[in-house]
Amino acid sequence: MQKYITKWIDYTLPTGQDFSVGICGYSGKVRHLYLGNDPIRRMIAQHVYAEEGYCQNGDHCLALDCPLNRAESEHLLHMLDMNEDEPMDEEAAEQWGTQSTLQGFLLFARQITESLPDDLKKPQPPVDEE
């Protein structure tokens, strides 16, 4: 399998809440997202392994529009530190057009992907194995 780097980017919401996203080097899409500061998660999600239409990390990935994605709702909830999909508050539900917190996070990840600089959206070359 070829190895692609996950690039992490830190953001701060207008509310002051910090969050980070992991950009897949293979697809150029947000593959992971977490709130707060979690250096352990960054250490675990450093690379994606993909080759010939298969991604080894495809069952734990927020980029549902990637053709190699196989993630099921249970895995997505786990990735977002949720036990079950909870309804959004009324204001957030109106803003995102969904009652589902999970769907809201997925829409948020897609919106971040769309706003990334072009050089991050482009698939990156694989890195050599060490």
Side-chain angles (χ1 to χ4, degrees):
M1 291 248 148
Q2 293 185 307
K3 178 178 168 181
Y4 299 86
I5 292 179
T6 297
K7 176 151 176 73
W8 286 95
I9 301 175
D10 301 320
Y11 292 96
T12 302
L13 293 170
T15 61
Q17 173 70 57
D18 292 330
F19 73 98
S20 298
V21 296
I23 311 302
C24 173
Y26 177 83
S27 71
K29 300 175 185 301
V30 172
R31 70 175 281 248
H32 215 309
L33 178 148
Y34 64 84
L35 300 174
N37 182 15
D38 191 348
I40 302 297
R41 196 171 313 213
R42 282 184 191 232
M43 288 173 35
I44 293 170
Q46 290 184 2
H47 302 99
V48 170
Y49 296 88
E51 195 168 68
E52 298 178 13
Y54 177 79
C55 178
Q56 191 173 23
N57 308 87
D59 55 354
H60 286 85
C61 179
L62 299 180
L64 295 184
D65 53 349
C66 176
L68 305 184
N69 189 301
R70 304 177 311 284
E72 297 179 6
S73 293
E74 295 79 23
H75 293 279
L76 297 171
L77 289 168
H78 173 70
M79 290 175 66
L80 295 166
D81 298 324
M82 298 167 56
N83 293 322
E84 61 185 34
D85 192 5
E86 299 175 6
M88 285 191 174
D89 65 64
E90 194 173 314
E91 184 179 339
E94 185 176 323
Q95 177 183 353
W96 290 103
T98 182
Q99 294 289 324
S100 163
T101 299
L102 174 59
Q103 290 304 313
F105 272 116
L106 294 171
L107 290 167
F108 184 50
R110 183 174 289 152
Q111 184 179 47
I112 293 169
T113 294
E114 291 171 3
S115 71
L116 291 171
D118 288 339
D119 63 321
L120 286 177
K121 286 188 217 178
K122 294 178 185 173
Q124 303 298 310
V127 294
D128 293 330
E129 290 291 330
E130 298 168 356

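We use all heavy atoms of the structure for the numbers below, so side chains are in, but hydrogens, waters and symmetry mates are not. This structure is a prediction, so every number in the text was calculated from the model and none was measured.
- In this structure, His60 and His75 have perpendicular ring planes: the angle between them is above 60°, well past the 30° mark.
- Taken to the nearest 0.5 Å, the CG atom of Asp38 stands 7.5 Å off from the CG atom of Asp81.
- Hydrophobic clustering (ILVMFWY, side-chain heavy atoms < 4.5 Å, transitive): Val21 and Leu77 are in one cluster.
- Within 6.0 Å of CD on Glu51 lie more than 12 heavy atoms contributed by other residues, nucleotides or ligands.
- Shown here are the side chain to side chain contact (heavy atoms under 4.5 Å, CB included) partners of Glu90, two or more places apart in sequence or in another chain: there are none.
- Proximity of Arg31 to Tyr26: side-chain heavy atoms (C-beta onward) are nowhere separated by under 4.5 Å.
- The line from OG of Ser27 to CD of Gln124 is 10.5 Å long, rounded to the nearest 0.5 Å.
- Note: Gln2 CD to Glu52 CD = 9.0 Å, rounded to the nearest 0.5 Å.
- Going from atom CG of Asn57 over to atom SG of Cys24 covers 8.0 Å, rounded to the nearest 0.5 Å.
- The number of heavy-atom neighbours closer than 6.0 Å to NZ of Lys122, taken from other residues, nucleotides and ligands shown, is 12 or below.
- Looking at every heavy atom in both residues, Gln46 comes nearest to Met43 through CG-O, 3.3 Å.
- No chain of hydrophobic side-chain contacts below 4.5 Å, direct or via other Ile, Leu, Val, Met, Phe, Trp or Tyr residues, connects Tyr4 to Leu33.
- Within the 4.5 Å cutoff, side-chain heavy atoms of His47 are placed close to those of Ile5.
- For the pair Ile9 and Val30, the minimum side-chain heavy-atom distance is 4.5 Å or more.
- Looking at every heavy atom in both residues, Thr98 comes nearest to Gln103 through OG1-CB, 3.7 Å.
- Applying the side chain to side chain donor-acceptor pair (under 3.5 Å) test to Asp85 and every residue at least two apart in sequence or in another chain returns Ser100.
- Distance alone, capped at 3.5 Å, is enough to place a donor-acceptor pair between the Trp8 side chain and the Ala45 backbone.
- Contact check for Leu64 versus Leu76: side-chain heavy atoms found under the 4.5 Å cut-off.
- Using a 4.5 Å cut-off between side-chain heavy atoms of Ile, Leu, Val, Met, Phe, Trp and Tyr, with links allowed through other members, Ile40 and Tyr34 fall into different hydrophobic clusters.
- Between Phe105 and Phe19, the distance from one ring center to the other does not fall under 6.0 angstrom.
- The side-chain heavy atoms of Leu62 and Met79, taken from C-beta on, include a pair separated by under 4.5 Å.
- By the 6.0 Å contact criterion, CG on Asn83 is open, its count of non-hydrogen atoms from other residues, nucleotides or ligands being 12 or less.
- Leu107 is connected to Leu35 through a chain of hydrophobic side-chain contacts under 4.5 Å among Ile, Leu, Val, Met, Phe, Trp and Tyr, so both are in one cluster.
- The SG atom of Cys55 sits 11.0 Å away from the OH atom of Tyr49 when rounded to the nearest 0.5 Å.
- Across Asp59 and Arg70, no two heavy atoms sit closer than the pair N-NH2, 3.7 Å.
- Distance check: Glu86 CD to Met88 CE gives 11.0 Å after rounding to the nearest 0.5 Å.
- Between Asp119 and Lys7 no salt bridge is recorded (no basic side-chain N to carboxylate O distance below 4.0 Å).
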